[in-house]
Student: 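I am attaching a structure below and will ask some questions about it afterwards.
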Amino acid sequence: MNNPVEALSESSQKRLRENWQAVLENVGRAARQSGRDPGDVKIVGVTKYVDESLTAALLKLGCHDLGESRPQVLWRKAETFADLPGLPTVTWHQIGHVQTNKVRRLVRHHPVIHSIDSGRLLAAVAEESLKAEVTTKCLLEINISGEEAKTGMSRREIEDCLRELPVDGVEIIGLMAMAGRSSRGDTAAQQFAEVRELRSQWESDFGCTLPELSLGMSGDYTEAIAEGATIVRIGSMIFDGLREV
Ligand SMILES: *Cc1c(COP(=O)(O)O)cnc(C)c1O
C-alpha cells in the first residue's frame with residue numbers, strides 16, 4: 001500500500017469529512033450545553049471498524065487520537081503509518097482488552113492504554129515499559145454496569161491498584177468505563193456520575209490525581225460529557241455509511 005489515502009473514492013472522502021465535521025459540532029455543542037469548554041473534551045476516533053485507508057483519511061482530517069480495540073491491529077496500523085511520509089503523528093489509544101503476551105509489542109507504539117482490567121496487566125505493562133525505557137499512560141477500567149459481558153475491574157480491584165502507586169513504567173492518568181444495561185437498572189448518566197464520584201473519593205483516599213475520565217461512545221457521549229468526560233471514544237458516528245471491514 002503506497003498511499004492509503006488516495007485509495008479512497010471521492011465520495012467516501014466527502015462522506016468522512018461530513019461525518020467528522022458533524023462529530024466535532026455535536027461534541028462541541030454537548031460541552032457548551034454542560035457549561036464546559038469544548039477544548040477540554042478529547043475525541044478519540046475509534047478506527048476498529050475500518051482499514052488503513054479510512055484510518056489514514058481520518059488522521060488527515062485532523063483526528064490525531066486514534067483508538068483500536070485489538071492490540072495487533074493497533075501495531076499493524078502504527079507500523080504501516082510509520083513508513084508513510086507526510087502523515088501527522090498519531091497518539092494511539094488501546095481501548096479493548098489486552099492479553100499480557102501482547103504488551104511488549106504494544107508499548108513500543110507509546111499508546112494510551114484505556115483498558116487496564118487487572119493488576120496483572122498493569123504489572124506487565126509496567127515491566128515491559130521499563131524494558132523499553134518508556135512510561136506508558138494508563139487508565140484503570142472500571143466495571144460500572146455489573147454486566148457479565150463487560151470488562152473492567154471491580155471497585156476493590158481498582159483500590160488494590162491505586163494502593164500500589166506510584167509504579168515505575170506507568171502513569172495512571174484516570175478512569176475508563178463503558179455504560180451498559182446495569183443490573184440495578186440505572187441509566188448511562190447515573191453510571192457515569194458514579195465514576196466521577198468514585199474518582200473524587202479515590203483521589204482523596206489515595207492522594208493521587210486521576211484527571212482523565214474516558215467515558216462515552218457514539219450512543220452516550222452527551223451524557224458522558226455532562227458528567228465530566230475528558231475523553232470520548234467515538235467510532236460508529238464517524239464511519240456511518242463507510243464501514244469497509
Ligand atoms: C467500539 C468501541 C467504542 C466506539 O463505539 P461506537 O459506539 O462505535 O462509537 C468505544 N469504546 C470501546 C471500548 C469500544 O470497544
Side-chain angles (χ1 to χ4, degrees), residues 15-16 18-31 41-51 54-55 57-59 61 63-77 90-99 102 106 111-118 121-122 125 136-153 158 173-182 187-189 191-192 195 212-245:
R15 178 68 184 255
L16 181 66
E18 289 165 357
N19 287 357
W20 174 240
Q21 270 311 315
V23 167
L24 286 176
E25 281 163 27
N26 291 342
V27 168
R29 187 180 315 115
V41 181
K42 174 174 289 171
I43 301 170
V44 170
V46 175
T47 47
K48 66 184 183 189
Y49 306 111
V50 299
D51 64 6
L54 274 163
T55 304
L58 179 64
L59 176 59
L61 287 175
C63 182
H64 297 167
D65 285 274
L66 301 178
E68 284 291 336
S69 211
R70 295 164 65 211
Q72 57 273 45
V73 177
L74 187 155
W75 72 54
R76 189 194 75 209
K77 288 181 179 176
V90 180
T91 300
W92 290 98
H93 296 256
Q94 171 62 38
I95 61 171
H97 177 66
V98 182
Q99 292 173 291
K102 301 283 194 316
L106 179 64
V112 179
I113 305 180
H114 293 230
S115 45
I116 299 292
D117 55 10
S118 70
L121 176 61
L122 183 62
V125 172
T136 302
K137 291 186 172 148
C138 294
L139 293 91
L140 302 176
E141 181 179 354
I142 177 165
N143 180 336
I144 203 72
S145 69
E147 277 176 287
E148 299 260 325
K150 298 274 173 177
T151 53
M153 291 185 272
I158 293 201
I173 60 171
L175 302 173
M176 185 271 237
M178 275 188 278
R181 251 167 303 129
S182 154
T187 63
Q191 292 174 42
F192 294 146
V195 177
E212 306 291 345
L213 292 179
S214 171
L215 310 170
M217 326 200 311
S218 295
D220 54 19
Y221 68 91
T222 308
E223 292 88 339
I225 291 168
E227 299 301 337
T230 60
I231 304 174
V232 290
R233 309 176 309 270
I234 308 280
S236 313
M237 221 173 15
I238 295 175
F239 295 107
D240 185 42
L242 285 162
R243 293 186 195 195
E244 287 185 342
V245 287

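None of the values given here were measured: they were computed from a predicted structure. In what follows, every heavy atom counts, from backbone to side chain, and hydrogens, waters and symmetry copies are set aside. As the structure lists them, so they are numbered: ligands from 1, and atoms in each ligand from 1.
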Student: Could you tell me if the side chain of M178 sits less than 4.5 Å from the side chain of R233, heavy atoms only?
Tutor: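 They are in contact (side-chain heavy atoms under 4.5 Å apart), so the answer is yes.
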
Student: Out of K48, R76, K77, which residue meets the side-chain hydrogen bond (donor to acceptor under 3.5 Å, both in side chains) rule with E68?
Tutor: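 That would be K77.
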
Student: Quick one: are Y221 and I43 in side-chain contact, heavy atoms under 4.5 Å?
Tutor: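 Y221 does not reach I43 side chain to side chain.
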
Student: Can you see whether Q191 engages S145 through a side-chain donor-acceptor pair at a distance of less than 3.5 angstrom?
Tutor: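 Distance-only check fails for Q191 and S145.
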
Student: Look only at interatomic distance and state if G235 has a nitrogen or oxygen under 3.5 Å from any nitrogen or oxygen of ligand 1.
Tutor: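 Yes, G235 has an N/O under 3.5 Å of an N/O on ligand 1.
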
Student: Specify the protein heavy atom at minimum distance from atom 9 (O) of ligand 1: its residue, its atom name, and the distance to 0.1 Å.
Tutor: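 Checked against all protein heavy atoms, atom 9 (O) of ligand 1 sits closest to S218 OG, 2.5 Å.
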
Student: If only side-chain N and O atoms count, and only distance matters, is there a donor-acceptor pair under 3.5 Å linking E212 with T230?
Tutor: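 Their side chains do contain a donor-acceptor pair, which is all the 3.5 Å distance test asks for.
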
Student: Who's the nearest protein heavy-atom neighbour of atom 13 (C) of ligand 1, and how far?
Tutor: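 Protein heavy atom at minimum distance: I95 O, 3.5 Å.
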
Student: With atom 2 (C) of ligand 1 as the reference point, say which of M178, M217, E141, K48 has the nearest heavy atom.
Tutor: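 Nearest heavy atom to atom 2 (C) of ligand 1 lies in K48.
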
Student: State the atoms of ligand 1, each with its element, that fall below the 4.0 Å cut-off from a heavy-atom position in R233.
Tutor: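 Near R233, the atoms of ligand 1 are 4 (C), 9 (O), 10 (C), 11 (N), 12 (C), 13 (C).
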
Student: Would you mind listing which atoms of ligand 1 come within a distance below 4.0 Å of any non-hydrogen atom of I234?
Tutor: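 This gives 9 (O) as the contact atoms.
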
Student: Counting non-hydrogen protein atoms only, what is the nearest one to atom 6 (P) of ligand 1? Give residue, atom name and distance.
Tutor: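 It is S236 OG, 3.4 Å.
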
Student: Look at ligand 1 and say whether Y49 reaches it with a heavy atom at a distance under 4.0 Å.
Tutor: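 Heavy atoms of Y49 do come under 4.0 Å of ligand 1.
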
Student: Does a donor on one side chain and an acceptor on the other come within less than 3.5 Å for S214 and H114?
Tutor: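 The criterion, which ignores hydrogens and geometry beyond distance, is satisfied for H114 and S214.
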
